[in-house]
Amino acid sequence: MRRPAAAPTPGGTVLFDLFGVLARHQSPAGRQRLVRAVGGQESGFWDAYWALRPPYDRGESDGPAYWRQVAARMGIRLDDARIAELIAADIESWSAVDGAMVALVGELAARGTTLGLLSNIPEELARHYEGRHAWLGHFRVRAFSCRIGHAKPEPAAYRWCQEALPGPPENVLFVDDRPENVRAAEAVGMRGHHFTGEERLRAVLAGWGG
């Protein structure tokens with residue numbers, strides 16, 4: 001399903017990645033909690049976790065189905081209580097945000113910059129963020145992979161955003177911490193910034209106007 005295109009506004013648009021830019025990647029403590037929740041069996045766990053993540057991120061399965069698939073690949077069984085514990089631990093492991101970057105989002109919104117968000121994120125985690133972070137309201141477009149059916153670096157994820165955001169693709173600056181995701185955005189006509197920190201991004205944004 002496609003969103004109708006938003007009405008154009010002056011200046012350029014900034015399309016943000018979430019994890020690794022506005023929110024933190026999994027902490028060591030969060031990762032260890034997941035391993036404990038799966039029964040302490042780390043061998044094969046992360047291979048299964050990441051191999052099965054793309055369909056989960058695209059909304060092709062829900063949390064219980066995802067964790068049953070992880071368990072099957074590991075050759076173990078998980079009851080419903082353990083699956084619920086894993087879903088909660090997974091959400092917690094991705095829940096830390098970067099306060100300085102959230103403040104920057106607020107600054108951009110206050111000066112009228114059009115903002116979008118493109119994130120590879122499963123539905124349970126998307127609901128968690130929407131329920132706890134009012135600053136998501138600054139984003140005119142929230143392209144969560146679980147709801148648009150496409151995940152970075154698939155070209156369709158960026159094209160979905162192009163249709164939803166105002167102006168031509170070259171007026172969109174895509175900000176992501178993964179070079180392959182930035183290259184994919186540039187391949188469909190957006191401008192890209194490989195995020196390595198707030199200070200460097202601020203320098204880029206100081207001259208950004210589309």
Side-chain angles (χ1 to χ4, degrees), residues 1-25 54 57-59 94 97-123 125-127 129-130 133-210:
M1 182 178 67
R2 302 287 188 181
R3 289 176 183 262
T9 58
T13 293
V14 183
L15 178 63
F16 281 97
D17 170 39
L18 180 56
F19 300 107
V21 178
L22 306 177
R24 307 288 189 185
H25 286 301
D57 282 342
R58 286 194 296 268
W94 293 102
V97 301
D98 185 328
M101 288 300 298
V102 170
L104 174 58
V105 165
E107 292 173 28
L108 292 170
R111 70 186 194 215
T113 303
T114 300
L115 300 175
L117 188 64
L118 173 59
S119 177
N120 290 356
I121 186 171
E123 180 63 34
L125 190 52
R127 290 199 301 266
Y129 268 83
E130 288 176 327
H133 295 292
W135 51 269
L136 288 178
H138 291 312
F139 294 94
R140 177 179 296 198
V141 169
R142 294 200 291 267
F144 292 150
S145 59
C146 59
R147 297 177 184 168
I148 68 174
H150 308 290
K152 298 174 296 183
E154 298 165 7
Y158 304 94
R159 293 194 180 108
W160 191 97
C161 292
Q162 288 175 352
E163 293 186 11
L165 290 166
E170 61 268 23
N171 278 16
V172 178
L173 177 68
F174 176 65
V175 180
D176 197 292
D177 66 315
R178 296 185 181 276
E180 64 271 23
N181 291 341
V182 174
R183 289 193 297 269
E186 292 172 337
V188 298
M190 295 180 181
R191 302 187 194 181
H193 173 71
H194 176 212
F195 180 80
T196 57
E198 178 200 355
E199 184 176 349
R200 183 165 170 259
L201 176 60
R202 282 184 176 275
V204 171
L205 292 173
W208 177 249

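FYI, side chains are in, hydrogens and waters are out, and symmetry mates aren't considered; it's all heavy atoms of this structure.
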Given the rule in the salt bridge (Lys or Arg N to Asp or Glu O under 4.0 Å) test, do Glu123 and Arg127 qualify, once you have shown the distances and angles that lead to the verdict?
-> CA-CA 6 Å; Glu123 180 63 34; Arg127 290 199 301 266; 3.5 Å; yes
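- Taking 4.5 Å as the limit, every side-chain heavy atom of His150 sits out of range of all side-chain heavy atoms of Arg159.
- For the residue pair Pro153 and Asn181, the shortest heavy atom distance occurs at CB-OD1, 3.5 Å.
- At a threshold of 4.5 Å between non-hydrogen side-chain atoms, the residues Val204 and Leu173 count as touching.
- Each of Glu198, Glu199, Arg200 was compared with Arg202 under the side chain to side chain contact (heavy atoms under 4.5 Å, CB included) criterion, and only Glu198 meets it.
- Across every non-hydrogen atom of Ala143 and Trp160, the tightest pair is CB-CZ3, 3.6 Å.
- Rounded to the nearest 0.5 Å, atoms CD (Gln162) and CG (Leu15) are 9.5 Å apart.
- The shortest non-hydrogen separation linking Thr114 to Arg140 is CG2-NE, 4.0 Å.
- The minimum heavy-atom distance between Leu165 and Gly116, with the atom names listed, is CD2-CA, 4.4 Å.
- Atom CG of Leu117 is separated from atom NE2 of His138 by 12.5 Å, given to the nearest 0.5 angstrom.
- For the atom pair CG (Leu104) and CG (Leu115), the distance works out to 9.0 Å, reported to the nearest 0.5 Å.
- The side-chain heavy atoms of Val182 and Asp176, taken from C-beta on, include a pair separated by under 4.5 Å.
- Listed by first then second residue, pairs satisfying salt bridge (Lys or Arg N to Asp or Glu O under 4.0 Å) with a partner in residues 14-24 read Asp17-Lys152, Arg24-Asp98, not counting sequence neighbours.
- With rounding to the nearest 0.5 angstrom, the CG atom of Leu125 is 8.5 Å from the SG atom of Cys146.
- A ring pair (Phe, Tyr, Trp, His ring centres under 6.0 Å) with Tyr129 is found for exactly one of Phe139, Trp94, Phe19, Phe144, namely Phe19.
- Evaluation of the ring pair (Phe, Tyr, Trp, His ring centres under 6.0 Å) test over residues 170-202, restricted to residues two or more places apart or in two chains, returns Tyr158-Phe174.
- One finds no salt bridge joining Arg191 and Glu170 here, because no Lys/Arg side-chain nitrogen approaches an Asp/Glu carboxylate oxygen to under 4.0 Å.
- The local environment of CD in Glu180 is crowded, with over 12 non-hydrogen atoms from other residues, nucleotides or ligands closer than 6.0 Å.
- Rounded to the nearest 0.5 angstrom, His133 NE2 and Leu22 CG are separated by 10.5 Å.
- Smallest separation of non-hydrogen atoms from Val188 and Pro155: CG1-CB, 4.3 Å.
- Between the CG atom of Asn120 and the CZ atom of Arg178 there is a distance of 9.0 Å, given to the nearest 0.5 Å.
- The minimum heavy-atom distance between Leu118 and Cys161, with the atom names listed, is CD1-SG, 3.9 Å.
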